[in-house]
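Keep in mind that what you see is a predicted model, and the values were worked out from it rather than measured. Basis for what follows: all heavy atoms, side chains included, without hydrogens, waters or symmetry-related copies.
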Amino acid sequence: MSKPNKWRGKWRIRWLDATGVRRSEIFAIHREATAALARYETEADEVRKGLRAAPPPEKTFDDLCDYWIKHRVPVKRSGKDDESVIRRHLRPAFGKLRLRDIGVEHSDRFRTDRSHLHDKTVVNLLTLLPTMLNLAVDLGWLLKAPRIKKPTVRLFDQDFRYLRSDEEIQRFLRAAREEGEDAFVMYATAIFTGMREGEIAALTWNNVLFERKLIVVQRSFDGPTKAGDVRYVPLLAELLPILKAWKVKVGGSLVFPNRDNKMHQPCARIFAERMYRILDKAEFARPTEGRNVHVINFHSLRHTFASLWMMRSGDLFKLQRILGHKDVKMTQRYAHLAPDAFEADFHRMAGLVPLAGSADIVQLRESVA
């Protein structure tokens, strides 16, 4: 059995792994170096004798990032988001680490270093990390993925922004009509269907079923919908004549083509700049003086639809299907807006308050006096 050797004030160990490759590591303490060397040599000997499974290859998180970007990003709807998260956060934090060395302490440090970010943002970052580590397990690069703890984001504590009254909706749509018919029809469609930005951009006339009063939602900017499913959205009475008149005017296959008769992209002016101009025209206050954005944005129109649906006694589970939520917990954010949400509970505590003039009330009044 070999021994640790002095090396630049520390202790270096060298051994042959199960495949005959020379390995080495450096330790600050002789005792730790000796223990590690004994463990590595024993493991290698047991693998050669068939008593232990071969260890995974020496892969780093950088290797895993490269694999993910090459093989997973191109086939994912959110591939560009993954690539951004890897480049800006995960690779700088974990890139040089060997996969087998990544543990809970590293993910905890990652969370602490990003405490200035919103918890929901950190959750999004830490959702990709364990998914990638599980892939490393499937590839045989890692024996077991560590358990990554994510911040708790209480769904019902999240404030969502929407147009909160009939007057606000009417004021917004009047200003949109002044901005242009294309803006008016698109924003009305968002308010009365709850469809996402990309789903509206990719909507074609063959998916607007006027006779059945349905809209088939099956595409977004760059492919399938967010959930990857086809869903059906009711074509409500308020929107039906608006879309019929718009079809006569616009023609073509896309419901909302841009000036080049192509699909609007995520950065299109109609989703942000023109909407902010409409909000200014409709005299919606900005959150902070001098800022170029409003509290309300295009996604707020989806929240507006969901809120209206519940405030007008719509069914929660129908709303879940219309919005395309996989989990009803997402839809339950709007449940409290139902007008009869607590109506049946109004008299639930009846009989617990003593009648006026009883001895308890008299005694209470005397003690107060």
Evaluate whether atom [atom1] of [X] has more than 12 neighbouring non-hydrogen atoms of other residues, nucleotides or ligands under 6.0 angstrom away.
X: E283; atom1: CD; answer: no
X: R114; atom1: CZ; answer: yes
X: K262; atom1: NZ; answer: no
X: R212; atom1: CZ; answer: no
X: K96; atom1: NZ; answer: no

Is the shortest side-chain heavy-atom distance between [X] and [Y] below 4.5 Å?
X: L308; Y: I169; answer: yes
X: R274; Y: M186; answer: no
X: E58; Y: R100; answer: yes
X: Y187; Y: I270; answer: yes
X: M275; Y: L301; answer: yes
X: Y67; Y: M132; answer: no
X: L128; Y: W68; answer: yes
X: L64; Y: L142; answer: no

Distance (rounded to the nearest 0.5 Å) between [X] [atom1] and [Y] [atom2]:
X: L99; Y: L143; atom1: CG; atom2: CG; answer: 11.0 Å
X: R302; Y: M195; atom1: CZ; atom2: CE; answer: 10.0 Å
X: N297; Y: Y276; atom1: CG; atom2: OH; answer: 5.5 Å
X: D315; Y: W309; atom1: CG; atom2: CH2; answer: 8.0 Å
X: L279; Y: L163; atom1: CG; atom2: CG; answer: 7.5 Å
X: K249; Y: E181; atom1: NZ; atom2: CD; answer: 4.0 Å

**OP:** Apply the test side-chain contact (heavy atoms from CB on, under 4.5 Å) to residues R22 and L16: give CA-CA distance (whole Å), side-chain angles for both, the deciding distance (0.1 Å), then the verdict.
**Re:** CA-CA 5 Å; R22 175 72 66 180; L16 293 176; 4.0 Å; yes

Might you point out which heavy atoms bring [X] and [Y] nearest each other, and give the distance in Å?
X: V255; Y: W246; value: O-NE1, 2.7 Å
X: A306; Y: L323; value: CB-CD1, 4.0 Å
X: A183; Y: A176; value: CB-O, 4.2 Å
X: P130; Y: I148; value: CB-CG1, 4.1 Å
X: E168; Y: F284; value: O-CZ, 3.6 Å
X: A44; Y: A18; value: CB-N, 3.8 Å

Kindly say whether [Y] contributes a backbone atom to a donor-acceptor pair with the side chain of [X] at under 3.5 angstrom?
X: D229; Y: R231; result: no
X: R171; Y: A282; result: yes
X: T304; Y: I191; result: no
X: Q320; Y: H325; result: yes
X: R333; Y: M330; result: yes
X: T189; Y: V185; result: yes
X: W141; Y: P57; result: no

Subject >> D82, L126, V85 screened by side-chain contact (heavy atoms from CB on, under 4.5 Å) with L90, the one that passes >> reply: V85

Give the cluster check for [X] versus [Y]: same hydrophobic cluster or not, with ILVMFWY residues linked at side-chain heavy-atom distances below 4.5 Å.
X: L203; Y: Y232; answer: no
X: L133; Y: L139; answer: yes
X: L97; Y: L129; answer: yes
X: M310; Y: L236; answer: yes
X: F305; Y: L214; answer: no

Going by atom types only, do [X] and [Y] share a side-chain donor-acceptor pair under 3.5 Å?
X: T131; Y: N134; answer: no
X: N206; Y: T204; answer: yes
X: T121; Y: N124; answer: no
X: Y162; Y: R164; answer: yes

Subject >> Pair D17-T19, side chain to side chain donor-acceptor pair (under 3.5 Å): steps then yes or no >> reply: CA-CA 5 Å; D17 66 15; T19 63; 2.7 Å; yes

**OP:** For the pair D81 and K76, evaluate salt bridge (Lys or Arg N to Asp or Glu O under 4.0 Å) and give the outcome as yes or no after the intermediate values.
**Re:** CA-CA 10 Å; D81 295 335; K76 284 190 66 178; over 6 Å; no

Original post:
Stepwise, does the side-chain contact (heavy atoms from CB on, under 4.5 Å) test hold for N207 with R219?
Top reply: CA-CA 10 Å; N207 284 320; R219 294 190 64 79; over 6 Å; no

Subject >> Evaluation steps, side-chain contact (heavy atoms from CB on, under 4.5 Å), between K149 and V104 >> reply: CA-CA 8 Å; K149 184 174 177 59; V104 174; 6.0 Å; no

**OP:** Applying side-chain contact (heavy atoms from CB on, under 4.5 Å), run through N261 and L254 and close with a yes or a no.
**Re:** CA-CA 8 Å; N261 208 34; L254 284 170; 5.9 Å; no

**OP:** Test salt bridge (Lys or Arg N to Asp or Glu O under 4.0 Å) on D182 and R259 and set out the steps.
**Re:** CA-CA 11 Å; D182 61 332; R259 291 182 178 179; over 6 Å; no

Original post:
Which residue pairs pass the ring-ring contact (aromatic ring centres under 6.0 Å, His included) test with at least one member in residues 30-57, sequence neighbours excluded?
Top reply: W11-H30, W15-Y40

Original post:
Do the ring planes of H299 and H303 sit parallel (below 30°), tilted (30 to 60°) or perpendicular (above 60°)?
Top reply: perpendicular

**OP:** Output, in order, the C-alpha distance, side-chain angles, deciding distance and verdict of salt bridge (Lys or Arg N to Asp or Glu O under 4.0 Å) for D66 and K70.
**Re:** CA-CA 6 Å; D66 293 340; K70 181 178 180 180; over 6 Å; no

